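These notes are about the structure you will find just below.
Just so you know, these numbers come straight off a predicted model, no measurement behind them. Sequence lines set the chain letters: A, B, ... in the order given, protein chains first and strands last, and positions in each chain run from 1.
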Number of protein chains: 2
Amino acid sequence: MRIGELAQKTGVPARMLRYYEEQGLISPRRLDNGYRTYDDYLVDRVKKVRGLVDSGIPTRIISSILPCLDQPQTIVVRNAEPGLRELLVTERDRMSEKIDFLTHNRDSITRYIQAIDEAGSQERPLRAG
Amino acid sequence: MRIGELAQKTGVPARMLRYYEEQGLISPRRLDNGYRTYDDYLVDRVKKVRGLVDSGIPTRIISSILPCLDQPQTIVVRNAEPGLRELLVTERDRMSEKIDFLTHNRDSITRYIQAIDEAGSQERPLRAG
DNA sequence: TTTGACCTTCACATTAGTGGCAACGTTGAC
DNA sequence: GTCAACGTTGCCACTAATGTGAAGGTCAAA
């Protein structure tokens, strides 16, 4: 598919898709006329990139770990560069920290919302049917 | 405590603490000589801010939700502005998305690390004692 | 009075995009 | 064919968010 269709399928503007290519995150092939052409599996990859960027992972890191996020790895694993494992462990731990942090604070927010709701229902108790 | 001590306790440079104040995230009182002075509970608040920023929450949002993250709320809840509940729900849902996303990808990374380890041990099987 | 922590302020850096232009490709109507 | 409309290309510059550096001055303890 071409860039417009991918943009439409992912909700990510074409402009941003070109930017991600510039950052080494997605590498489409080219048609004879120079147009970018994307395989279907890149729809998921683009969404993955968006989610990771939104979660505060820098693009530099994303480009390192992206190949490790696609499921059937098998081949890639052999002759992994020496630093890779260490990088992955570091980033995984960082992600775990983020998860813990977000979870804790999300739960605080949830409790606060409940408190608002209870305060509201107390103020004007259920009365009608 | 003054800014240097807070910086030391939180690991956040004094420069950044001033920046966070500029962004409305932390509002220390001032001594007669103009020095900032921080209460003890701000140590936790600073760490919270760091975690949230690292997780991709914009400071503008953080400043809105910070008051709702401290545990004994009770008083604050009453006469909450009308938009607040909606904002909180939106942000909570966004945080949940991030959590799911990070969890999914972290697990992929973990599996990949395991695959590396297994590939390594297969390549050079346990042989010596 | 010198030293180190602190003050404000202005400028600069980095990351993650966005906007707009001019030129080229593609498609459908005439 | 050719014209218009729209998608795509590269490119350059610009924005917004999150910090960081450094100059030049103040405070207070040794």
| message | Taking B:R111 first and then B:D107, would you say they form a salt bridge - that is, a charged N and a carboxylate O separated by under 4.0 Å? | response | no
| field | Ionic contact status for A:R18 with A:E22, cut-off 4.0 Å | value | no
Nearest-Å distance for atom pair [atom1]/[atom2], residues [X] and [N]:
X	N	atom1	atom2	result
A:R2	D:dT8	CZ	P	5 Å
A:E22	D:dT9	CD	C1'	13 Å
A:Q23	C:dT15	CD	C1'	9 Å
A:D54	D:dT18	CG	P	13 Å
B:M1	C:dA5	CE	C1'	16 Å
B:E21	D:dG19	CD	C1'	16 Å
B:L17	D:dT20	CG	C1'	13 Å
B:I57	C:dA16	CD1	C1'	17 Å

Go through [options] for me and flag the one nearest to the [X] side chain.
X	options	answer
A:R18	C:dC7, D:dT8, C:dA16	D:dT8
B:R15	D:dC27, C:dT8, C:dT9	C:dT9
A:P58	C:dT8, D:dG21, C:dA16	C:dA16
A:Y35	C:dG17, D:dT8, D:dT18	D:dT8
A:M16	C:dC7, D:dT20, C:dT18	C:dT18

| Which value, rounded to the nearest 0.5 Å, describes the distance between B:H104 atom NE2 and A:L52 atom CG? |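 If I round to the nearest 0.5 Å, the distance is 10.0 Å.
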N/O (side chain, [X]) to phosphate O (OP1/OP2, [N]) under 4.0 Å:
X	N	result
A:N33	D:dT9	no
B:Y20	D:dG19	yes
B:R36	C:dC6	no
B:T59	D:dA17	no

| message | Has A:K98 got a side-chain atom pairing as donor or acceptor with B:D54's backbone, closer than 3.5 angstrom? | response |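 Such a contact is found between A:K98 side chain and B:D54 backbone.
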| Taking the side chain from B:D39 and the backbone from B:Y41, do they hold a donor-acceptor pair closer than 3.5 Å? | no
| message | Using a heavy-atom cut-off of 4.0 Å across all strands, would you classify B:R60 as base, sugar-phosphate, or nothing? | response | nothing
